[in-house]
Structures are given as C-alpha cells and as structure tokens.
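Only a predicted model underlies this, so the values are computations on that prediction, with no experimental measurement involved.
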Amino acid sequence: MKILATTTPTSHQIAQADKLCTLCCQFDHISLDFPEQASWYGFAVKEDTLFSAMALFEEENGLFSLSAFTLPSMRRQGLFSSLLEEAVSWLETNHPQADLDIIADLSCPAAAHTLSALEAELWYEDFQMCRSIPDKTSVSRASVSAASAHLTPVLPASASPFFLRISQETLKDSPDAYPSAKSSCLLADAVPSDCFYLALCAASDRFHGFDASGISSLTHVPDTIRISGPPYRPDTSDFSPVVWAHLTVTASDTAWLHDVETAKGLRGRGLATQFLHALFSRLTDSPIRTLFLHVTSDNLPAVAVYRKTGFYTVQTLSHFLY
C-alpha cells in the first residue's frame with residue numbers, strides 16, 4: 001500500500017476520489033462531497049486502486065478543515081491514521097499555528113469509531129435543513145390567508161410597512177462572487193447558478209435608532225422590485241433593509257438560502273419570520289420546489305425560527321478540533 005501526499009493532484013486522482021466518495025456515501029447513507037480544490041491531498045493506493053482519500057482545505061482565520069473517505073471493506077486497517085499523520089506533518093511544516101477541523105457525519109459508525117479513538121474534541125454541529133415550497137396552483141387563497149394571518153402583509157402598496165427587495169446585482173465588495181448575475185431579477189426565471197440578493201425592507205419611520213451596520217452592501221441594489229404584475233418602485237428613501245440574505249439556485253428546482261441576517265437592534269421582533277414567509281410566497285411563482293440552508297447548532301434563535309417556519313433537519317455534520 002502506497003501513501004501519496006501532494007498539493008497538486010492529477011485529474012485522475014480527483015476522479016478516483018470522487019468515485020470513492022460516492023461509493024462511501026451510498027454505503028453509509030450520507031451526503032458529503034470530496035473537495036476538488038484543496039491545499040493538500042493524501043491517497044492510499046495499491047496497484048492503481050484507491051482505497052482511502054483525504055483532503056485539507058483552508059477556511060478563515062488559520063483554520064483547516066479535513067475531509068476523508070475510506071473504502072468500506074478497507075476500514076479499521078490504519079489507512080485513515082496513516083493519511084492523518086501525513087496531513088498533520090504537512091500542517092506543522094507549512095502552517096504551524098493552524099487548527100484542524102475534522103468534519104464527519106456521526107450517523108456513519110466508522111466515522112464515530114475513528115473520532116472516538118482519536119479523542120477529538122467536539123467543536124460544534126452544523127444542521128442542514130430543508131423545506132418544501134408548494135407551487136402556486138396548490139396554494140389556495142384561504143391557506144395563504146390562514147398562514148399569514150399573524151403576519152404584517154408584504155404587499156407592494158404604500159399602506160404596507162414592508163416590501164421584499166429582490167435583485168441579481170453583484171455586490172460591489174465581492175464582484176467575482178456570482179459572475180452569472182443578469183439584469184432580470186424575476187424568481188420565476190431562476191436557473192441553476194443564479195444568485196439573488198434579498199432584503200426585507202421596512203418603512204423608516206417604523207423603526208427608530210436601529211444599528212444599520214452591515215447593510216451598506218445592499219443600498220445600491222436597484223429600486224425596481226419584481227413582483228407578480230408590473231414592477232413596483234417604492235420611494236427607497238423612506239425604506240431601510242431590516243433582514244437580508246442570499247439565495248443561490250443549485251438545480252432546476254432547488255435553491256440554498258444563506259447569509260441570513262437581521263439588523264442589530266431589531267432582532268427578536270419576528271422580522272426574520274416575516275422575511276421567510278415573504279420569500280416562500282415569492283417562491284411559489286418560481287421553479288424552486290425545495291429550499292435548503294445550513295445553520296450551526298449553537299445559533300438557537302435561528303434554529304427556532306427555521307423550525308417554526310417549516311424547515312426540518314435532513315443531516316447533521318459534526319466538527320471536531322484535533
């Protein structure tokens with residue numbers, strides 16, 4: 001058995017690792033990916049057959065995350081330990097101050113056994129949550145009214161204190177983040193790789209003295225709000241974003257919601273719930289039927305809001321410091 005370590009894997013090695021990852025996920029009934037762009041790779045190979053693969057990819061603040069897969073028939077034979085030894089050696093040489101985050105789905109018995117043997121410290125858990133989005137033909141006016149009875153209506157009218165701003169304009173502070181941005185911001189036209197910038201905006205006189213830090217990146221979003229019917233152009237000088245997020249379309253009927261944030265000083269007032277219900281209403285007119293998101297287990301207020309608005313946990317990833 002050869003242990004190969006490299007920072008520049010071949011396309012053949014990556015393809016083998018992808019196949020190994022798929023096989024392991026099918027065997028363990030989990031959903032994980034093998035990173036195709038990482039800082040370091042390790043492979044356990046015999047006669048051009050890949051038995052175990054490991055990757056280190058750099059996160060923020062000197063943190064490196066580790067992902068590894070071993071052929072089920074070759075587990076508990078020391079392959080993971082051999083690759084881990086090489087990975088730690090590379091880190092100590094090139095990033096001596098770095099922390100190592102091992103990502104695992106503990107529903108896999110082999111992963112749970114390995115981490116227990118390593119005596120790695122559980123850092124936090126990451127919930128992958130999901131919610132179904134009904135299409136507009138299956139949502140009756142009565143059900144919509146009942147579901148929204150406790151909410152302030154999100155309507156494009158001067159009498160409404162809220163509107164949902166939707167745009168595909170690329171943020172100025174990260175112009176390369178979503179190069180597929182286009183002029184149309186209709187959710188009904190959403191296709192894979194589109195990213196939408198969302199903001200629940202409230203009449204400025206409704207909230208006084210809240211901390212607006214962090215919302216400057218949304219102030220240049222076009223004033224045209226695409227809704228059912230003609231575009232609505234509110235007087236934006238009278239409105240301010242109170243909740244904002246990104247929505248990325250990953251498949252013809254699937255999207256991910258991320259970077260959800262409520263303005264400081266306005267948290268705990270139900271605005272995130274208002275934002276989510278407004279978004280769900282818009283999505284019924286789109287091809288998106290399933291909405292995913294990630295949230296850490298220690299973010300209890302966010303977890304509570306997502307569960308209250310119909311999200312449920314489909315996978316839990318555990319992060320261990322080693």
Side-chain angles (χ1 to χ4, degrees), residues 31 123-134 139 143-155 160-167 187 190 195-204 206-215 217-218 221 225 227 239-250 253-286 288-319:
S31 177
W123 184 16
Y124 70 93
E125 291 180 317
D126 181 22
F127 298 148
Q128 177 180 313
M129 305 187 80
C130 174
R131 187 192 194 278
S132 297
I133 303 294
V139 180
S143 63
V144 171
S145 298
S148 304
H150 63 292
L151 300 171
T152 304
V154 180
L155 299 172
S160 173
F162 295 106
F163 69 84
L164 184 65
R165 174 180 286 174
I166 304 171
S167 172
L187 283 173
C195 180
F196 294 89
Y197 302 90
L198 314 170
L200 181 69
C201 298
S204 300
R206 185 174 177 84
F207 302 106
H208 298 284
F210 72 89
D211 186 348
S213 62
I215 64 174
S217 60
L218 287 167
V221 173
I225 316 305
I227 57 171
F239 286 82
S240 297
V242 293
V243 184
W244 52 95
H246 293 157
L247 181 78
T248 302
V249 183
T250 56
D253 61 351
T254 304
W256 283 80
L257 184 66
H258 47 106
D259 302 326
V260 181
E261 188 171 354
T262 301
K264 295 177 182 178
L266 294 180
R267 294 167 186 172
R269 302 191 187 189
L271 292 174
T273 300
Q274 172 78 50
F275 165 78
L276 289 169
H277 279 285
L279 175 59
F280 301 154
S281 177
R282 296 291 188 268
L283 289 177
T284 60
D285 290 322
S286 80
I288 297 168
R289 301 277 70 86
T290 306
L291 187 61
F292 287 95
L293 59 82
H294 278 293
V295 61
T296 57
S297 58
D298 58 353
N299 190 349
L300 298 180
V303 172
V305 168
Y306 295 139
R307 287 178 174 163
K308 181 173 66 174
T309 53
F311 285 92
Y312 58 92
T313 302
V314 293
Q315 184 179 28
T316 300
L317 294 181
S318 300
H319 293 253

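Residue Leu317 holds its CG atom at 6.5 Å from NE2 of His294, rounded to the nearest 0.5 Å. From Tyr312, atom OH reaches atom CE of Met129 across 10.0 Å, with rounding to the nearest 0.5 Å. Interatomic distance, CG of Asp285 versus CD1 of Ile133, reported as 11.5 Å (0.5 Å rounding). To the nearest 0.5 Å, atoms CD1 (Ile166) and CG (Leu247) are separated by 9.0 Å. Once rounded to the nearest 0.5 Å, the distance linking OG1 of Thr284 with CG of Leu279 reads 10.0 Å. In this structure, the separation between CD on Gln274 and CG on Leu200 is 6.0 Å, given to the nearest 0.5 Å.
Applying the ring-ring contact (aromatic ring centres under 6.0 Å, His included) criterion to Tyr306, with sequence neighbours excluded, gives Phe311. Legend: residues meeting side chain to side chain donor-acceptor pair (under 3.5 Å) with Glu125, ordered by chain and number and at least two apart, are absent. Applying the side chain to side chain donor-acceptor pair (under 3.5 Å) rule to Thr296 yields the partners Asp298; only residues at least two apart in sequence or on another chain are considered.
Between Leu293 and Val260 the shortest side-chain heavy-atom distance does not fall below 4.5 Å. Side-chain contact check for Phe275 versus Thr262: every heavy-atom pair is 4.5 Å or farther apart. In this structure, the side chains of Thr290 and Cys130 come closer than 4.5 Å at one or more pairs of heavy atoms. Under the 4.5 Å side-chain criterion, counting only non-hydrogen atoms from C-beta, Phe127 is in contact with Arg307.
Relative orientation of the His258 and His246 rings is perpendicular, given thresholds of 30° and 60° on the angle between their planes.
Judged by distance alone, with hydrogens and angles left aside, the side-chain atoms of Arg289 form a donor-acceptor pair with the main-chain N or O of Pro134 at under 3.5 Å. Without hydrogens or angle criteria, Thr309 side chain to Val305 main chain gives a donor-acceptor distance under 3.5 Å.
Summarising the geometry of Thr248 relative to Cys195, their closest heavy-atom pair is OG1-SG, 3.8 Å, with the distance given to 0.1 Å.
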